[in-house]
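For reference, the structure is listed below as C-alpha cells.
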Amino acid sequence: MPYKFFEEYNLEVTDNLKDNFRNIIQELGEDPEREGIVKTPERAAKAMQFLTQGYQMDAKTILEEAMFKEGYNEMVVVKDIELYSLCEHHMLPFFGKAHIAYIPDGQIVGLSKLPRVVDVFARRLQVQERLTHDILECLNETLKPKGVAVVIEAQHMCMMMRGVQKQNSSTTTSGFRGQFEKIETRNEFLKLISSDLK
Ligand SMILES: Nc1nc2c(ncn2[C@@H]2O[C@H](COP(=O)(O)OP(=O)(O)OP(=O)(O)O)[C@@H](O)[C@H]2O)c(=O)[nH]1
Ligand SMILES: [Zn+2]
C-alpha cells in the first residue's frame, strides 16, 4: 500500500464531503454562496481527507521497506517528532511531540520511517492513548526489537478552545515493551528526552 502524501483526492469522496460541509456552513448560520466561502466546502473536504489520510496507509509496509540487518544493539532514540492528529470525540486537533526509542535485535530501520509511522496513526480520528499504543505495537511487531518505547506529549484543542478551556494543560502518554520494562533502561530513555518534557 502506498504511503506518499495525497496528490490526488478521491473525486467521489470529495463531492460527498463537499455537500455535507455546505450544509454544515448553512446550519451554522453562514451564507454558503458568499464569495469568500463559496469554495470552502471543497477546501474543507480536501483538508479533512488530508488530515485522515492515515486510513489509506499501512505502517507495517512502510517499516518493511527500510529494514536492514545490522549488529548495532544500543538504544536508538528519535525525539521531538511533531505530530498533528484529530481527537475522535470532537474532531478538533491535538498536536505535540512524539519521542521514540528502540533497541535493535539484529535489524535497524531507516530513521525517517519512525516519523512516517507516527503520521500514519496520527492522521486519523484518535485518542492520544491509542495513538501511543498503535505506534508502540506496530514497531514491536514489525521490527521485533529487544525493546521499544514511545512517549507522546500533546495539547488538545478540545480542552483549550472549548470545554474546560485550559490553555496550558498538556497530556503525556507512554508505552514500553521488552527491555524498556526494566526501570534502568526506561530511565535512560526518559533522561535522554527529559529536556523536552515539562
Ligand atoms: N482519554 C482521552 N480523552 C480525550 C482525548 N481527546 C479528548 N478527550 C476527552 O474526551 C472526553 C469526551 O467527554 P464527553 O463528556 O463525552 O464530551 P464533552 O461533553 O464535550 O466533554 P468536555 O470536553 O468536558 O466538555 C472529554 O473529557 C475530552 O477531554 C484523548 O486523546 N484521550
Ligand atoms: Zn476532543
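Each ligand, and each atom within it, is numbered from 1 in the order the structure gives. Since the structure is predicted, the reported quantities are computational estimates derived from the model, not experimental observations.
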Query raised in the report: Considering only the protein, which heavy-atom contact is closest to atom 32 (N) of ligand 1, and what is its distance?
Result: Glu129 OE1, 2.8 Å
Query raised in the report: When rounded to the nearest 0.5 angstrom, what distance separates CD1 in Ile100 from CD1 in Ile135?
Result: 5.5 Å
Query raised in the report: When the ring planes of Phe189 and Phe176 are compared, do they come out parallel, tilted or perpendicular, using 30° and 60° as the limits?
Result: perpendicular
Report summary line: atom 9 (C) of ligand 1 has as its nearest protein heavy atom His89 ND1, 3.7 Å
Requested in this report: Before accepting this row, confirm whether a basic side-chain N of the pair Glu74/Lys146 lies closer than 4.0 Å to the acidic partner's carboxylate O.
Outcome: no
Report task. Output, in order, the C-alpha distance, side-chain angles, deciding distance and verdict of side chain to side chain contact (heavy atoms under 4.5 Å, CB included) for Arg116 and Asp119. Result -> CA-CA 5 Å; Arg116 284 191 190 282; Asp119 281 344; 5.7 Å; no
Query raised in the report: Which ligand 1 atoms, with their elements, are less than 4.0 angstrom from a heavy-atom of Cys158?
Result: 7 (C)
Query raised in the report: So, for atom 15 (O) of ligand 1, does the protein have a heavy atom nearer than 4.0 Å?
Result: no
Query raised in the report: Roughly how far, to the nearest 0.5 Å, is OG1 of Thr132 from CD of Glu129?
Result: 7.0 Å
Query - Nearest non-hydrogen protein atom, atom 29 (O) of ligand 1 - result: Met159 CG, 3.9 Å
Query raised in the report: Which of the atoms of ligand 1 are close to Cys87, meaning less than 4.0 Å from one of its heavy atoms?
Result: 6 (N)
Query raised in the report: Nearest heavy atom to atom 28 (C) of ligand 1: which of Gln128, Glu88, His90, Met157 does it belong to?
Result: His90
Query raised in the report: Is there side-chain contact between Leu92 and Met160, with heavy atoms separated by less than 4.5 Å?
Result: no
Report task. Assess the side chains of Thr173 and Gln128: does a donor N or O sit below 3.5 Å from an acceptor N or O? Result -> yes
**Report entry** Electrostatic pair Arg124:Glu88 at N-O distance under 4.0 angstrom
**Finding:** no
Query raised in the report: Can you tell which part of His156 has a heavy atom less than 4.0 Å from ligand 1: side chain, backbone, both or neither?
Result: side chain
Report summary line: Rounded to the nearest 0.5 angstrom, the CZ-CD1 distance for Arg34 and Ile25 is 9.5 Å
**Report entry** Non-hydrogen protein atom less than 4.0 angstrom from atom 24 (O) of ligand 1
**Finding:** no
Requested in this report: Compute the minimum heavy-atom distance from Arg162 to ligand 1 and say whether it is under 4.0 Å.
Outcome: yes
Report task. Quick one: do Leu139 and Arg177 satisfy side chain to side chain contact (heavy atoms under 4.5 Å, CB included)? Show the steps, please. Result -> CA-CA 10 Å; Leu139 290 170; Arg177 290 284 180 273; over 6 Å; no
Report summary line: Nearer than 2.8 Å to the Zn ion (ligand 2), the protein contributes N, O or S atoms numbering 3
